[in-house]
Amino acid sequence: MFAKWAGRRFGYSILVAIAALAAAAAGGRILAQEAAEPSLDQLFEEALAAVAGVTDPSNRLFMARQLSEADVNHGGKRLEARLVSILEPALEEVPADRQAGGMAHMAATLALYGRTSELLAVMRNLNDAWNRGSRVLKILAQKGDLATAVILAERESKPGRRFSALIHIVHGLAESGQRQEAWKIFDQTRSIYSALSQIWRNSYADDYLAAMAHFDLDQAERLALGIQRERDRDQALLAITRVVAKSDPQRTLEMALKIQYQAYRGYALSSVIRATARDPDRQRIYQRALARVDPLGRAYAFRSAAREALAKGDLARASEALDRLDAMLPELSEKDRTRVADRAATRLAIELLSGDVNQVFEKMAGLSYDHGLSESAAVWILAHALRQNGHYDLGRRVAETIHSTTNHAGYFIATINERFE
């Protein structure tokens with residue numbers, strides 16, 4: 001009796017062990033990655049050090065903005081004081097002809113942290129809420145500080161620029177689900193728009209109709225199709241597609257096919273492809289858009305599919321997407337082939353993950369950095385492919401080969417953000 005019981009227990013133990021091994025195999029990539037990555041505290045510290053060490057001051061301000069967003073979303077604003085402290089010194093290093101861009105990044109960081117008085121001081125010097133400061137307006141609107149956003153917009157003395165600034169607020173509110181508030185601001189823009197001369201109304205029609213699309217897509221499309229000049233009509237349709245691609249890709253596809261200018265139609269179809277590529281329920285729309293987009297748009301789609309599969313550890317699907325890209329290279333111009341030259345780094349990442357990842361540095365030395373492939377792009381692709389497949393430390397070492405750059409700092413920020421996806 002005991003022998004039978006022991007045998008059953010032994011058999012049960014084997015079954016449990018097999019089940020555990022199967023579960024480990026299914027989630028092995030995730031578990032390995034989690035085990036290899038440092039704690040969130042350490043990641044934020046490494047990210048801050050990397051951002052502070054970016055050599056180019058304009059890029060340092062840009063990466064500070066990127067890190068502040070991750071800190072606000074996932075870090076509880078733990079880096080606020082230290083991150084804000086590097087902004088002013090960095091701005092002082094920025095050359096005069098790049099000061100506006102630097103101030104825009106600085107202002108966006110301050111907006112994310114809700115530091116209104118410091119933000120207003122920077123925006124006073126920037127004096128541009130309709131263009132470079134547009135991100136600040138959207139951030140403020142999305143964070144609930146509508147009053148400050150409107151104050152900045154209404155500082156614009158020229159009606160056209162004030163109109164553009166308010167339109168940015170409309171988008172920020174609508175995209176964050178604050179439709180009632182968005183409509184109120186849009187209602188203000190209507191009176192400004194109607195008071196503009198016909199020439200200026202033609203100039204701002206795409207912005208106006210794109211904002212209208214949040215509330216009345218049918219009317220926005222009708223008005224766009226009624227524009228007489230073909231290029232202006234196409235530009236308005238493109239602007240609308242950018243607003244509704246994620247929420248209504250089928251309708252976006254239909255509008256994209258009404259665009260006559262090939263480049264604009266390609267941009268609109270690419271928006272549909274991006275919106276549907278990862279959604280199993282929208283593959284019919286994806287395939288239709290893929291069939292109608294220009295060769296470069298299709299090449300970009302295959303490249304994106306390869307990278308997405310690579311990030312998920314599906315090496316077979318990543319190779320298949322790259323094979324499809326390689327097969328269509330003869331359709332591309334020489335210039336367009338250089339735009340997808342980084343496929344070589346993706347191919348190398350697949351090779352390494354299929355074999356010995358520790359050969360990464362030897363294999364990288366064999367890459368030819370010309371014809372569109374830069375070292376920066378190759379490092380980014382390889383470092384993140386390694387990290388996403390459970391080799392965090394090796395990926396970090398690859399990223400460090402271009403120390404003090406945006407890609408080096410971006411490695412840590414991406415790790416933080418993807419942990420919460």
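Heavy atoms only: backbone and side chains are in, while hydrogens, waters and symmetry mates are out. It should be emphasised that the depicted structure is a prediction, and the values quoted were computed from it without experimental measurement.
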* D71 side chain vs R78 backbone, donor-acceptor pair below 3.5 Å -> yes
* Roughly how far, to the nearest 0.5 Å, is CD of E375 from CH2 of W380? -> 15.0 Å
* **Check: R179 side chain, H214 main-chain N or O, donor-acceptor pair, under 3.5 Å** => yes
* When you check the gap from the basic side-chain N to the acidic O, do D234 and R231 get nearer than 4.0 Å? -> no
* Asked: Under the 3.5 angstrom rule, does the side chain of Q250 hit a backbone N or O of I285 as a donor-acceptor pair?
  -> no
* If you round to the nearest 0.5 Å, how far is NE2 of H171 from CG of L137? -> 12.0 Å
* Under a 4.5 Å cut-off applied to non-hydrogen side-chain atoms, are L329 and D326 in contact? -> yes
* To do: Classify the angle between the aromatic ring planes of F163 and Y208 as parallel (below 30°), tilted (30 to 60°) or perpendicular (above 60°).
  => tilted
* Answer yes or no: does atom CZ of R135 have more than 12 heavy-atom neighbours from other residues, nucleotides or ligands under 6.0 Å? => no
* Report yes if some heavy atom in the side chain of V170 is under 4.5 Å from a heavy atom in the side chain of F215; otherwise report no. => yes
* Without hydrogens or angle criteria, can the side chains of Q198 and N202 be said to hold a donor-acceptor pair below 3.5 Å? -> yes
* Asked: Distance-only, no hydrogens or angles: does the Q235 side chain make a donor-acceptor pair with backbone N or O of D206 under 3.5 Å?
  -> no
* With under 30° as parallel and over 60° as perpendicular, where do the rings of W183 and F186 fit, or are they tilted in between? -> tilted
* Structure fact -> Distance col, row H408:NE2 vs H403:NE2, nearest 0.5 angstrom, shows 4.5 Å
* To do: Mark yes or no for whether S164, through its side chain, and G160, through its backbone, hold a donor-acceptor pair below 3.5 Å.
  => yes
* Are the side chain of R98 and the backbone N or O of P95 linked by a donor-acceptor pair below 3.5 Å? -> no
* To do: Report yes or no: does R162 contribute a side-chain atom to a donor-acceptor pair with the main-chain N or O of E154 at less than 3.5 Å?
  => no
* Asked: So, D187 and K184, do they make that salt bridge, N to O below 4.0 Å?
  -> no
* Modelled atom types, side-chain donor and acceptor of T405 and N407, under 3.5 Å -> no
* **Cationic N near anionic O, under 4.0 Å, D342 to R307** => yes
* Close side-chain approach of D393 and L386, heavy atoms under 4.5 Å -> no
* **Nearest-0.5 Å distance that lies between atom NZ in K77 and atom CG in L79** => 12.5 Å
* Side-chain donor-acceptor pair under 3.5 Å between D279 and Y286, yes or no? -> no
* Without swapping roles, check the side chain of S404 against the backbone of G53 for a donor-acceptor pair under 3.5 Å. => yes
